[in-house]
Protein chains: 2
Amino acid sequence: MRSEIDPSGQSGKGESAKATPDSERSLIEKVRRAQIIEAAIDVIAARGFAKASMAQIAERAGVSKGVISYHFAGKGELIERTVEQVYEGLGAFVASRLAGQTGTAAWLRVYVGSVAEYMSGHRTQLAALGEIFTHFRTDDGDLRYGIASSERIYTHVEEVFREGQQRGELRAFDTRVMAVSLQAGIDDMFAYWVTHPDHDLTAHARELTDLFWHATRADSRGKS
Amino acid sequence: MRSEIDPSGQSGKGESAKATPDSERSLIEKVRRAQIIEAAIDVIAARGFAKASMAQIAERAGVSKGVISYHFAGKGELIERTVEQVYEGLGAFVASRLAGQTGTAAWLRVYVGSVAEYMSGHRTQLAALGEIFTHFRTDDGDLRYGIASSERIYTHVEEVFREGQQRGELRAFDTRVMAVSLQAGIDDMFAYWVTHPDHDLTAHARELTDLFWHATRADSRGKS
DNA sequence: TCAATTTCTGACCGCATGGCCAGAAATTTA
DNA sequence: TAAATTTCTGGCCATGCGGTCAGAAATTGA
């Protein structure tokens, strides 16, 4: 068992091919893949995506270069599995915090707060993810995880906002712009934190929540 | 006359060396430099920073590769001059619109609006700038135009916010977080527009202004 | 006009990259 | 134990990169 991408089929632009279930992997396979992914995260976070070569990652993992090719179809698959792994952890954490929350204000607070809380304990992963999102391209030359791939998040956040508007909890505004701006605020909160390690991420998240609470809530006053 | 970076001196991390004044350049020199910078913008915007090689840029400009080396000290200088040129145009435009404005609300509206207005007519430049900011690194491996280089903008925006707070026009909030978030909203507005050409940039800018007006203005109501 | 100077070309260099593979080593299976 | 299979190594390859250079071409100036 080597990779989970069919080398013959044209994977094209859509989702990746079906993953090989972990149960079909040997122990060594699982250990090596985890080890290599961890090394990739470290190297990408430390030296940037462009300088994170197979050789660098292999050296960091303490194996020879060929091992990566043996366990992954190529650099592309390695990166995609890396993103998946980080996202799974984050997604599960946020979803569990978000479950059972009602009201847009509470949703906003828990959403921003839980993302920040999780990431504060996974700083290296966060830095690597940022590098991958802005640098990793498909063979066509398009960003693999560009703004277009945020569409799912935007759509979901928009739904939350629209519900709030219908209940009269929120003022009238363009939900798409608000969703894009919220995501931008979160992304740059992390980017700022990565380059300013002493920055108080929790406080920033609280301020950001306040910011969007004031920006979205219904208000009797008119505008200037 | 070749480049404006002293090949012997260690340029280090600071600002680039003094520029050679245009008056000391021959006509051919000026024309070629402009032509090459334009080609660089086109190629970077179209194919991404990583694939914008000297060969690609030279081909686009219709000259041989050596010409770039002849007129610029290296790829680094070419990129820095490109950024300078785009920024000069934007800076001059925004500054002229901002001159004489009083009050934070007006400042916010004019700031966001004028940046968007200028960029709407310089789409390719905008795309190239985005690529450069996220990819171009110094020899040390740091991003040449990373978040750290936004410090000047943050500081200035913070000042505007603090004035508004002192006049009682704005509520109490962390000015640093607000400045970072505003810049994030503007940056992602452009990023969204670059990938969604039909998106209404002017309307987005208006909504973004509203967003931050609601987020910052003083308010008698308490919070939830 | 003709030498001095600027500008340009295209081949070439050293280097790093992702991927490949023959064969060695380790492990599993019978 | 011995064969079959999985896992690993280290060198090799083609490719593309930024940069250099000798010499050709064009321009300038006396």
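All chains are named by letter (A, B, ...) in the order of the sequence lines, taking the proteins before the strands, and each is independently numbered beginning at 1. What you see below is based on every heavy atom in this structure, not just the backbone, and it leaves out hydrogens, waters and symmetry mates.
The side chain to side chain donor-acceptor pair (under 3.5 Å) test with A:E80 is passed by exactly one of A:R144, A:K75, A:Q85: A:R144.
Neither OP1 nor OP2 of D:dT6 sits under 4.0 Å from any side-chain N or O of A:R32. Under 4.0 angstrom from either OP1 or OP2 of D:dT7 there lies at least one side-chain N or O belonging to A:Y70. At the phosphate of D:dC8, OP1 or OP2 sits under 4.0 Å from a side-chain N or O atom of A:H71.
Side chain of A:E29, nearest nucleotide from D:dT7, C:dC8, D:dT9: D:dT7. Ranking C:dG10, C:dT6, D:dT9 by closeness to the A:V63 side chain, first place goes to D:dT9.
A donor-acceptor contact shorter than 3.5 Å links the side chain of B:E207 to the backbone of A:D174.
In this structure, A:E77 atom CD and C:dG18 atom P are separated by 16 Å, rounded to whole Å.
The NE2 atom of B:H135 lies 5.5 Å from the OG1 atom of A:T134; values are rounded to the nearest 0.5 Å.
Sorted by first and then second residue, the pairs that involve residues 48-63 of chain B and meet side-chain hydrogen bond (donor to acceptor under 3.5 Å, both in side chains), not counting sequence neighbours, are B:D42-B:R60.
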Spell out protein contact along nucleotides 11-29 of chain D as letters: B when the base is contacted, S when just the sugar-phosphate is, - when no protein heavy atom is under 4.0 Å; keep the 5' to 3' order.
BB----SBBB---------
Check: residues 115-130 of chain A side-chain donor-acceptor pairs under 3.5 Å, at least two apart:
unit_1 : atom_1 : unit_2 : atom_2 : d
A:E117 : OE1    : A:R97  : NH1    : 2.9
A:E117 : OE1    : A:R97  : NH2    : 3.4
A:E117 : OE2    : A:R97  : NH2    : 2.9
A:S120 : OG     : A:E117 : O      : 2.7
A:H122 : ND1    : A:Y118 : O      : 2.8
A:R123 : NH2    : A:W193 : O      : 3.1
A:R123 : NH2    : A:V194 : O      : 3.2

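The nearest pair of heavy atoms linking B:L201 to B:M189 is CD1-CG, 3.7 Å.
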